[in-house]
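Here the structure comes first, spelled out in structure tokens, and everything after it is commentary.
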Amino acid sequence: MFTDSHCHLTFPEFAGRMPQIREAMAAAGVDRALCICTTLEEFAEVQALAARFDNFWASVGVHPDNEDIAEPSVEDLVQRSALPKVVAIGETGLDYYQMEERKGGRSIADMEWQRERFRVHIRAARQVRKPLVIHTREASADTLAILKEEGEDGSAAAAGGVFHCFTETAEVARAALDLGFYISFSGILTFKKAQDLRDVAAFVPLDRMLIETDSPYLAPVPYRGKTNNPSYVPFVAQQIAELRQLPVETIGQVTSRNFETLFTSVNT
Ligand SMILES: [Zn+2]
Ligand SMILES: [Zn+2]
């Protein structure tokens, strides 16, 4: 039993390939996947995919890297989150990676629109009491500060959620855990140079950990560089199993249980 907590199955890489992907998932024991939305324009397709298959769920949100797309309001997110199989708000967050190359040389100060968009998602999540799927890259201090400013403190009133595709330090993991968030590891954990990240995965409590592929990106070793798909998520579990000296099945079960605990509406 394995659960892919984050994948993008509506991306063009998968066009016409759903039967093969679902077959590969079944063969690999990957029972469930959360299909992540990155624009409002994409949402209808993501939600339809989840509505079509028992073991797929959907999120609603606009990725921090996306520009020249519809800017979501709290109401846009709230309305869509009420549709069947929508269990999370995101992916949302902040991305300050390679500002020069990727953001046309704009400064972090210029990224106020990202921070505002992130706040909109947090407000929607708190209103509908669904967890956040958070993307943060080279922006962990602002990500944590904004979550706190918006009232996220791990209390019963908090939305909570997951820091997806975690690549930050142990200190950031600790701070996210302290705010009540889960930590999700991707195929990056299997990359040769990712020893620092493996050290983080060795200490994150097992009951606060998720696994994901982030398909079509970041295929784990031995498929690194190829198109990723949810059937590869056991390779992430295998890496954690080695770090924790536990059977891979145990990691699959524990992270699947965590998925149900966090995204409570998968049970309804
Ligand atoms: Zn992401
Ligand atoms: Zn993603």
Side-chain angles (χ1 to χ4, degrees), residues 3-14 21 30 32-43 45-47 49-50 56-67 69 72 77 80 86-99 102-103 111 114-115 117-118 120-122 125 130-140 142-144 146-147 161-168 172-173 176 181-191 194 197 200 209-220 223-224 226-233 236 255 259 262-263:
T3 302
D4 185 354
S5 72
H6 190 115
C7 54
H8 299 279
L9 297 184
T10 57
F11 282 15
E13 288 85 344
F14 298 118
I21 287 164
V30 180
R32 299 182 292 195
L34 178 53
C35 304
I36 300 292
C37 175
T38 61
T39 61
L40 290 184
E41 289 84 347
E42 178 195 20
F43 172 74
E45 206 182 329
V46 177
Q47 194 268 337
L49 187 64
F56 285 173
W57 287 268
S59 72
V60 58
V62 179
H63 191 289
D65 275 339
N66 288 332
E67 298 185 65
I69 40 88
L77 298 169
R80 286 166 178 79
V86 182
V87 299
I89 306 294
E91 60 180 298
T92 180
L94 303 173
D95 195 323
Y96 301 160
Y97 177 64
Q98 291 185 338
M99 296 291 292
R102 297 171 72 243
K103 303 288 179 205
M111 293 296 108
Q114 269 196 2
R115 293 183 285 273
R117 183 185 289 173
F118 184 30
V120 164
H121 284 79
I122 301 168
K130 286 186 177 170
L132 290 154
V133 175
I134 293 182
H135 169 110
T136 183
R137 194 146 67 142
E138 302 203 356
S140 55
D142 280 2
T143 300
L144 290 162
I146 289 173
L147 283 167
V162 56
F163 278 53
H164 108 88
C165 196
F166 195 81
T167 52
E168 305 288 334
V172 175
F181 283 76
Y182 288 66
I183 306 282
S184 179
F185 293 101
S186 69
I188 293 175
L189 205 57
T190 67
F191 295 177
L197 190 60
V200 174
M209 194 184 274
L210 296 176
I211 53 174
E212 66 175 79
T213 58
D214 208 5
S215 301
Y217 312 119
L218 299 172
Y223 297 105
R224 188 169 183 184
K226 303 238 163 65
T227 301
N228 202 357
N229 79 77
S231 76
Y232 295 162
V233 82
V236 181
T255 52
F259 180 81
L262 176 60
F263 301 109

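Bear in mind the structure is a predicted one, so any value in this text is a computation, not a measurement. For ligands, and for the atoms within them, numbers begin at 1 and follow the listed sequence. Each residue takes its place number in the sequence, starting with 1.
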Report for the Zn ion (ligand 1), protein N, O or S closer than 2.8 Å, by chain and number, lists Glu91 OE1, His135 ND1, His164 NE2
Between the CD1 atom in Ile134 and the OG atom in Ser140, the distance rounded to the nearest 0.5 Å is 12.0 Å
message: Would you call the rings of His8 and Phe11 parallel, tilted or perpendicular, taking 30° and 60° as the class edges?
response: parallel
Residues at least two apart in sequence or cross-chain that pass ring-ring contact (aromatic ring centres under 6.0 Å, His included) with Phe118, listed by chain then number, are none
* To do: For the pair Asp65 and Lys103, find out whether any cationic side-chain nitrogen is under 4.0 Å from an anionic carboxylate oxygen.
  => yes
Item to check | Tyr223 and Tyr232 aromatic ring geometry - parallel, tilted or perpendicular at 30°/60° bounds | outcome: parallel
Of the backbone and side-chain N, O or S atoms of His8, does one lie nearer to the Zn ion (ligand 2) than 2.8 Å?
yes
Practice item. Establish, for the pair Arg32 and Phe56, whether the NZ or CZ atom is under 6.0 angstrom from the six-membered ring centre and no further than 45 degrees off its axis. Key: no
